[in-house]
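To start, the structure itself, in structure tokens.
Computed from a prediction, not measured in an experiment: that's the story for all the values here. Per chain, numbering begins at 1; letters A, B, ... match sequence-line order. Side chains included, hydrogens not; waters and symmetry mates left out as well; all remaining heavy atoms used.
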Amino acid sequence: MTVLFKKLLESQPVAINIGVRGFGESLVTQGIEVLFVEWAPPAGGDHELLGLLDQLL
Amino acid sequence: MVSGAIVKKNEYRDSVFLMRVAKRMGEQTGIKQTAVLMGTDKNKQLLSELGFTGQEISGATASDLILAVQGSDEEAVQGVLGRVDEWLRPEIPETRGLVIRSLEEAVRQNPQANLAVISLPGEYAGRESQKALENGLNVFLFSNNVPLETEISLKRFAGERGLIVMGPDCGTSIINGIGLGFANVVHQGPIGIIGPSGTGIQEFTTLVHRYGSGISQAIGTGSQDLSDAVAGASTFAAFEALEADSRTQVIAIVSKPPGEQTLIKLIERMKRCRKPVVACFLGTLKVTLENPPVLYVRTLEEAAVSAVGIATGSKPEHGYADSEKIEGLIEGELKKMSRDQRYIRGIFAGGTFCYQAQQIFSDGGVGVWSNAPLKGNKLLQDPRVSQEHSLVDLGAEFFTEGKPHPMIDSSQRRDRIMTEGRDPQVAVILLDFILGFNASPDPVGEVIDAVRTGKNEAAKRGGYLSVVASICGTEGDHQDIRRQTDMLTEAGVNVFPSSAGAALFCRKFAQNLK
């Protein structure tokens, strides 16, 4: 049931950080590979437009 | 008073970074108030309540950054607003590689990725978490304000894919020795822990470390996971994983009271566990001790002591076992107090510590006021104003809306210590200090002058202010626990090795303050 989660517990995390940069930086200091996503609000933060985009994709 | 604001179009920065920017701007001469926020509707409303208005602010969108300043005169305000690029420069150089714009791009970059760490505003966090799960990633979701129905749907999807969602509102996890969120640096060892509360996990793991054992895995599940609506989806997944984890010999679970139906299922699951289980449900009625493998305890400290006892075969001493010493200390401090001094005031950074302290007071028949009251306690009408014995969670939403959490910045806690210290009826101030990754670099240093001032003012009134504290952390944490402890003891603070120990001391104090 939790196959991929168990796999994570047996291995070294390889992380993708989205949001507060410090959370990713603290993983880097522990020797973890982190990919930092330079995130910005999709559709300029317009939720109505975002909903329409999600329906299209 | 003069106000001014600048809007930077299409300039998204994370909330923690922006709080630091606001703090640095606020430290400049002549500046009274600052607010640095993304231009969401909620934030614009907040700015308007703070007295920042204008066409530029009302026209900003969620992708735009607003920097607002209030100062004594035009020169001070313009002086700060003229240096915006300087404020927005990171204090510490960032790890910069290839610029990645989306989660999908990151997965393409490294298909070995197995974990997404997400701390976006709640309204966007669900969408990115769903994408992470669809790409086969486990999720550590720090964000709060994620709708409950989104949490339920994410966790259902994760379960179908064999993944886990740690969160939303997840402060801490430790995966294979790697600390996520606010985790502390602790020894690795045979004890696994599952819990919805970040500070609960921090206290448990640091105490296990201090008692000479270590942590295999710590799985944060999010504050709502054990509600009947979410029904423990991540808790049960974590349980299954820890039961199978070869390094985990003992499983601990620490939590506020789970939902009624979820508790029944959880007790059944714990009873079936092939490994010994220590369970601590803060605030619930006392559960009768049952046969192994489940051991029920009352506090985070007892949970750590019991887990270490089972794992190593020898039970460590409680940090507050020496009651004679405590009685002597209380007697000595009481003698120095004036007759007006009658009340305990707890000012907490950790919500779980506030909750646990209430339980400890309640177990001794001492009722308190709180902004987050345990069943049977009274709700403070205004969280900013204490009454009689009060235990206040300064990490509650009321205090953190648009302002930094006290684990990151102690400004509000410092002000509250000053306020309580001025109150001639206050006998004891109870504090918690939380170290770890991403926490304030100097939590004690940020408030110690307020502690000293409070003690001096009480002495001038002919009394004595007792200050009691606990520090959650280890010698591996970057804040230097020894220095933090020394600052407290040099200021005359009674420092306890656990939050439960500090709370028990204060309860005994309260029982003597008649």
#### Entry: B:R13 side chain near A:R21 side chain, heavy-atom distance below 4.5 Å
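Not in contact.
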### Query
Ignoring hydrogens and geometry, is there a side-chain-to-backbone donor-acceptor pair from B:S119 to A:V20 under 3.5 Å?
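Confirmed, B:S119 side chain pairs with A:V20 backbone.
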### B:N176 side chain to A:S11 backbone, donor-acceptor under 3.5 Å
yes
### Query
B:Y12 vs A:W39 aromatic rings, parallel, tilted or perpendicular, using cut-offs 30° and 60°?
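The arrangement is perpendicular - the two ring planes meet at more than 60°.
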### Query
Highest number of heavy-atom pairs under 4.5 Å with chain B: which of A:G19, A:G22, A:G31, A:A40?
A:G19
Hey, could you give me the [atom1]/[atom2] distance between [X] and [Y], rounded to the nearest 0.5 Å?
| X | Y | atom1 | atom2 | result |
| --- | --- | --- | --- | --- |
| B:Q217 | A:K6 | CD | NZ | 12.5 Å |
| B:L242 | A:F5 | CG | CZ | 6.5 Å |
| A:L8 | B:F140 | CG | CZ | 12.0 Å |

Locate the shortest heavy-atom distance separating [X] from [Y]; write the atom from each residue and the value.
| X | Y | result |
| --- | --- | --- |
| A:P13 | B:I178 | CD-CG1, 4.0 Å |
| B:R161 | A:L4 | O-CD1, 3.5 Å |
| A:P42 | B:R127 | CG-NH1, 3.7 Å |

### Query
Where on B:V107 is there a heavy atom nearer than 4.5 Å to chain A: the side chain, the backbone, both, or neither?
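Its backbone and side chain both get close to chain A.
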### Task
For a side-chain contact (heavy atoms from CB on, under 4.5 Å) with B:I100, tell me which candidate from A:L35, A:N17, A:I16 qualifies.
A:L35
### Task
Please name the residue in the list B:I164, B:I175, B:N138 that meets the side-chain contact (heavy atoms from CB on, under 4.5 Å) test with A:L9.
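Testing each of B:I164, B:I175, B:N138 against A:L9, the sole residue satisfying side-chain contact (heavy atoms from CB on, under 4.5 Å) is B:I175.
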### Query
Which residues pass the side chain to side chain contact (heavy atoms under 4.5 Å, CB included) test with B:K44, sequence neighbours left out?
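B:K44 satisfies side chain to side chain contact (heavy atoms under 4.5 Å, CB included) with B:D41, B:I57, B:I66 once adjacent residues are dropped.
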### Pick from B:D245, B:L137, B:L103 with the largest number of heavy-atom pairs that fall under 4.5 Å of chain A
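Heavy-atom pair counts peak at B:L103.
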Tell me which donor-acceptor pairs under 3.5 Å the side chains of residues 108-115 of chain B have, and how far apart each pair is, sequence neighbours excluded?
residue	atom	partner	partner atom	Å
B:N110	OD1	B:Q112	N	2.8
B:N110	ND2	A:E33	OE1	3.1
B:N110	ND2	A:E33	OE2	2.8
B:N114	OD1	A:V14	N	2.8

### Task
Counting only heavy atoms closer than 4.5 Å, note whether A:T29 contacts chain B via side chain, backbone, both or neither.
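Side chain only.
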